[in-house]
Amino acid sequence: MAVNLEYVFRETVSNLKRNVSMASAALLTVAVSLTLVGGALLVKKGVERATVQWRGNVELSIFMKADASQPESEAIDRQLKSMPEVKDYRYVSKPEAFEEFKKIFANEPDVRESLTVEQIPPSYRVVPREAEQTKIVGERFENTAGVFRVSYAKEEVDALVSVTNFLQIMLWGIAAVLLAAASLLILNTIRMAIFARRREVAVMKLVGATNWFIRIPFMLEGLLQGLVGAALAFGVVWIGRDLVQDRVAGARNDIQLFKQFLVTGPDVMTTGFVLLGVGVFVGTIGSALAVRRFLDV
Amino acid sequence: MAVNLEYVFRETVSNLKRNVSMASAALLTVAVSLTLVGGALLVKKGVERATVQWRGNVELSIFMKADASQPESEAIDRQLKSMPEVKDYRYVSKPEAFEEFKKIFANEPDVRESLTVEQIPPSYRVVPREAEQTKIVGERFENTAGVFRVSYAKEEVDALVSVTNFLQIMLWGIAAVLLAAASLLILNTIRMAIFARRREVAVMKLVGATNWFIRIPFMLEGLLQGLVGAALAFGVVWIGRDLVQDRVAGARNDIQLFKQFLVTGPDVMTTGFVLLGVGVFVGTIGSALAVRRFLDV
Amino acid sequence: MIRLRDVNKTYKGNVVALRDMSIDIAKQEFVFVVGPTGSGKSTLIRLLIKEEKPDSGRIWVAGKDIGQLSSWKVPLLRRNIGCVFQDFKLLPSKTAYENVAFALEVIGRPPHVIRQQVPQVLDLVGLTKKRDHFPNEMSGGEQQRVSIARAFVNRPLILLADEPTGNLDPSTSVGIMRLLDRINRTGTTVVMSTHDSSIVDTMRRRVVELDRGVLVRDQARGVYGVNA
Amino acid sequence: MIRLRDVNKTYKGNVVALRDMSIDIAKQEFVFVVGPTGSGKSTLIRLLIKEEKPDSGRIWVAGKDIGQLSSWKVPLLRRNIGCVFQDFKLLPSKTAYENVAFALEVIGRPPHVIRQQVPQVLDLVGLTKKRDHFPNEMSGGEQQRVSIARAFVNRPLILLADEPTGNLDPSTSVGIMRLLDRINRTGTTVVMSTHDSSIVDTMRRRVVELDRGVLVRDQARGVYGVNA
Ligand SMILES: Nc1ncnc2c1ncn2[C@@H]1O[C@H](COP(=O)(O)OP(=O)(O)OP(=O)(O)O)[C@@H](O)[C@H]1O
Ligand SMILES: Nc1ncnc2c1ncn2[C@@H]1O[C@H](COP(=O)(O)OP(=O)(O)OP(=O)(O)O)[C@@H](O)[C@H]1O
Ligand SMILES: [Mg+2]
Ligand SMILES: [Mg+2]
């Protein structure tokens with residue numbers, strides 16, 4: 001295993017130069033397949049962010065009895081403040097609630113005119129920290145003094161939770177499939193590139209080279225191909241993100257929804273590191289495995 | 001170009017057999033990358049189907065004045081029947097509307113009790129053939145005699161239309177990117193496989209073989225690899241679809257939403273043909289192009 | 001049959017392989033090309049099958065100026081020339097039989113002709129038992145004989161042989177030389193480069209000697225070394 | 001130095017390459033292996049560097065039973081043996097210089113030693129001007145000499161040469177034989193297979209003759225043909 005470093009670098013560089021055709025083919029495979037992985041990871045990140053926002057908007061309303069006393073109201077306020085599950089809450093007074101009611105029924109004067117301020121219950125609008133906690137938070141208040149009713153759009157919340165969970169799982173799945181496919185494709189290409197040089201490997205062995213002596217330059221070569229390929233993929237993903245970002249930013253308001261998909265610079269950087277890691281790992285280990293087959297001479 | 005068919009087949013089969021390592025590597029690339037394309041195409045199909053359903057559920061409501069006369073109502077009924085843009089419509093009478101109202105406010109007796117049947121307006125619920133036509137249909141009735149108000153959840157409709165349009169475009173984009181990536185990867189692999197045999201090609205030329213004599217077996221080889229690789233990809237996609245289908249069918253009700261994603265057998269078949277077409281085309285043409293470089297001897 | 005006029009060939013790095021070479025080889029002639037290693041013998045043969053192009057000068061083969069030949073006609077030229085390469089150039093994924101048969105398939109011979117002629121030729125070079133061996137399963141001399149068999153199986157007008165006996169023992173060499181002689185007598189022009197002085201000295205045919213790319217001797221019924 | 005006992009080697013397809021071969025070669029000996037093409041000369045050499053394994057029998061090289069050698073020790077065995085392959089086995093993507101240097105890099109020689117020794121050895125085989133040529137840019141004889149240079153650059157205990165003069169003209173061959181002789185005199189055991197009768201006849205060293213895998217003659221100070 002005592003392999004001269006100078007030899008290894010010289011050998012690796014000259015191998016890459018002299019087998020430019022094969023080396024660039026392997027590079028291309030790494031770049032293309034990791035671009036797909038990177039794209040998937042970014043979309044996953046985007047959906048994750050959007051999910052956090054969607055879920056962050058989940059509310060429950062604690063309607064007070066119209067005749068609830070001040071102390072009863074204050075007790076609830078205090079309890080809400082102390083609960084770690086509660087991210088945020090606000091009090092909607094009777095007049096505020098009436099304004100809201102009028103807005104909702106703006107086009108239906110018949111309905112609008114049928115109620116007075118006094119009939120509308122005041123309420124606490126509570127945003128739980130996690131969408132899943134909505135029910136837990138709500139149930140605490142159901143039998144509290146002064147509370148008329150706890151309303152959480154149960155179906156909507158459940159649907160949102162399960163839809164986003166499902167989306168997350170699906171996107172994890174897609175990213176995993178793409179990662180597996182990319183690794184397979186890269187391994188395969190490296191195997192081909194080394195297969196094309198199997199006679200060379202055999203000759204090296206016949207001249208007395210140890211397995212490590214042969215393997216290390218191949219591994220370094222794989223490492224470099226993985227690194228450069230991943231860097232290219234990263235570049236493409238980065239530019240791709242910018243293009244999408246620009247498009248979305250310049251788009252009409254009505255796809256505001258998609259603005260929530262946006263991924264931040266650090267997200268892209270993380271993805272980049274994942275790509276580089278995968279590229280380097282698969283390149284190096286793949287080369288070591290691929291060359292192995294031809295070392296038994 | 002007069003190439004003996006027997007020779008071509010024998011040559012192709014023996015090439016595949018004797019270069020099993022390279023041939024199977026190329027096959028693997030075709031299979032893996034076309035599986036990704038196939039998956040994307042199916043998801044695209046699924047979203048298309050779901051979109052049709054979502055959009056198909058878009059409604060607008062034509063609220064009648066509480067005192068609208070029978071002829072006025074009938075005129076609207078007739079007009080709706082004659083409009084090609086209208087897919088379906090139904091009349092919601094006062095009592096029906098009142099039941100609906102009571103259900104919506106089931107948990108809010110204060111509100112519920114504040115209205116009588118007579119106060120609730122009857123309405124026509126109209127489903128336009130295309131979500132985009134919602135506004136056009138609605139505007140026709142805005143100033144018609146007896147109509148109190150036309151209500152189309154304008155924002156929701158606009159959002160749905162743009163969201164689904166955007167999704168479609170995005171999925172087209174993804175499918176196109178994957179297709180391009182797959183073609184590139186396949187071409188690349190074929191190029192590598194033929195590169196590894198460049199000396200053989202040179203020898204054939206030195207012995208007097210014409211370019212077509214050399215090229216045709218390579219093309220047939222590429223065709224077979226593309227065909228078999230695409231068939232494998234098709235199999236994986238098919239099985240994958242069945243697995244997803246089973247999971248969704250067995251899932252709880254709350255991801256009912258995703259049932260709309262389901263793709264039919266014919267959809268899968270169409271995807272299969274696309275994959276086979278791409279595999280055969282890229283395999284054959286790719287081989288022809290790849291071998292070309294080594295024919296100038 | 002073969003005519004070179006003022007042919008120069010310099011490889012990259014200023015390596016002069018042939019300098020102002022002019023020669024005429026008549027139909028049915030048998031010519032030995034001799035000269036020290038690196039003197040340009042293989043280069044001469046490569047020029048004749050248009051594997052390389054000369055830097056200047058003109059070359060005629062079988063009456064055609066091969067410098068003017070359009071690229072799709074090059075295969076036709078090569079089919080008229082059988083060539084034994086110094087490094088054999090066998091197809092590694094074909095057996096001995098298939099390597100020889102390939103030369104016939106290339107010119108579109110029907111299968112029944114191939115099935116008849118290939119075994120005959122393999123027998124002539126003494127490889128009947130090796131017909132299903134791949135090149136890497138044969139000894140050096142056996143590979144060389146496959147290369148010889150492939151070169152003359154389609155009865156070419158011209159047979160170029162680049163050191164065809166380099167890997168053969170003397171008695172097998174004699175057998176191969178008898179074969180080449182016979183082929184020559186049936187009308188094929190033979191150009192053979194060699195280092196084997198005893199072969200040249202016993203055959204007594206025309207000898208062309210190269211030295212660092214220059215034609216230094218052209219002797220009818222010559223011997224290997226001028227001092228021999 | 002080299003000892004074979006009852007060695008048999010049969011390739012797939014029932015090709016007997018060596019049959020009941022037993023031989024002893026002492027340190028510093030110079031042995032010619034002769035025999036017709038396909039008689040097993042190259043196979044013998046392949047067995048000695050453990051490129052192939054015998055079906056039966058035992059082989060000792062440099063005092064070690066190479067049948068018992070664990071696979072990670074095989075490179076160490078090979079570093080003690082210089083081998084000129086019949087088909088050269090040069091690394092196609094390395095220049096002449098680099099091919100020779102590789103044999104030194106493999107045994108971990110420091111760069112300054114390599115920079116000094118490689119040009120020396122290339123000069124000995126007359127290839128100083130070709131040092132930056134790749135194998136496909138050299139003539140057959142030049143490639144063969146690179147192979148020879150690589151085989152002895154690391155001063156091996158044993159030098160195996162499989163027809164090292166097959167692609168060389170007689171005078172270059174003489175030069176190479178002088179070189180091998182000198183190497184032999186410095187203490188290296190040399191085993192050389194050859195078809196060149198004049199070399200064997202002028203050197204008058206031990207001659208081992210194979211015929212269809214059987215050792216048929218073992219003669220000190222012998223000649224090429226028994227009838228010569
Ligand atoms: N592709 C090439 N690039 C550079 N130089 C080359 C190339 N091919 C051959 N040469 C050089 O051209 C000269 C003539 O080579 P050629 O192969 O014709 O020699 P030769 O007479 O066949 O020698 P040998 O007897 O050793 O086979 C040699 O010096 C060789 O190094
Ligand atoms: N890998 C192999 N598979 C099958 N048969 C083989 C294999 N290698 C060699 N042979 C056969 O073994 C026999 C001996 O081969 P070997 O290469 O040792 O001969 P050789 O004496 O070196 O001949 P030459 O002088 O032609 O080089 C030959 O008949 C050859 O066909
Ligand atoms: Mg030559
Ligand atoms: Mg041999």
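Since we're looking at a predicted model, the values are computed, not measured. All values below were derived from every heavy atom in this structure, side-chain atoms included, with hydrogens, water molecules and symmetry-related copies excluded. Residue numbering restarts at 1 for every chain, and letters A, B, ... go by the order of the sequence lines.
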Checklist entry - In terms of heavy-atom pairs under 4.5 Å, which option from G141(D), S39(D), S198(D) contacts chain C the most? => result G141(D)
Please look at [X] and chain C and tell me whether the side chain, the backbone, both or neither of the residue comes under 4.5 angstrom of a heavy atom of that chain.
X	answer
K130(D)	side chain
E142(D)	both
T37(D)	both

Next on the checklist: Does anything in residues 122-149 of chain C form a ring-ring contact (aromatic ring centres under 6.0 Å, His included)? List the pairs, not counting sequence neighbours.
Outcome noted: none
Checklist entry - So which pairs with a foot in residues 118-128 of chain C pass salt bridge (Lys or Arg N to Asp or Glu O under 4.0 Å), sequence neighbours left out? => result none
Checklist entry - Under a 4.5 Å heavy-atom cut-off, does chain D meet the side chain of V15(C), its backbone, both or neither? => result side chain
Next on the checklist: Shorter than 4.5 Å, heavy atoms on both sides: which option in A17(C), S42(C), S197(C), S139(C) has the most such pairs with chain D?
Outcome noted: S139(C)
Checklist entry - Highest number of heavy-atom pairs under 4.5 Å with chain D: which of K12(C), Q143(C), Q144(C)? => result K12(C)
Item to check | Straight-line distance of D196(D) CG to H195(C) NE2, nearest 0.5 Å | outcome: 11.0 Å
Item to check | Contact listing (chain D partner; residues 167-176 of chain C; heavy atom under 4.5 Å) | outcome: N167(C), L168(C), D169(C), P170(C), T172(C)
Checklist entry - Are more than 12 heavy atoms from other residues, nucleotides or ligands located less than 6.0 Å from atom CZ of R19(D)? => result no
Checklist outcome for this item: S193(C) meets the side chain to side chain donor-acceptor pair (under 3.5 Å) criterion, sequence neighbours left out, with D162(C)
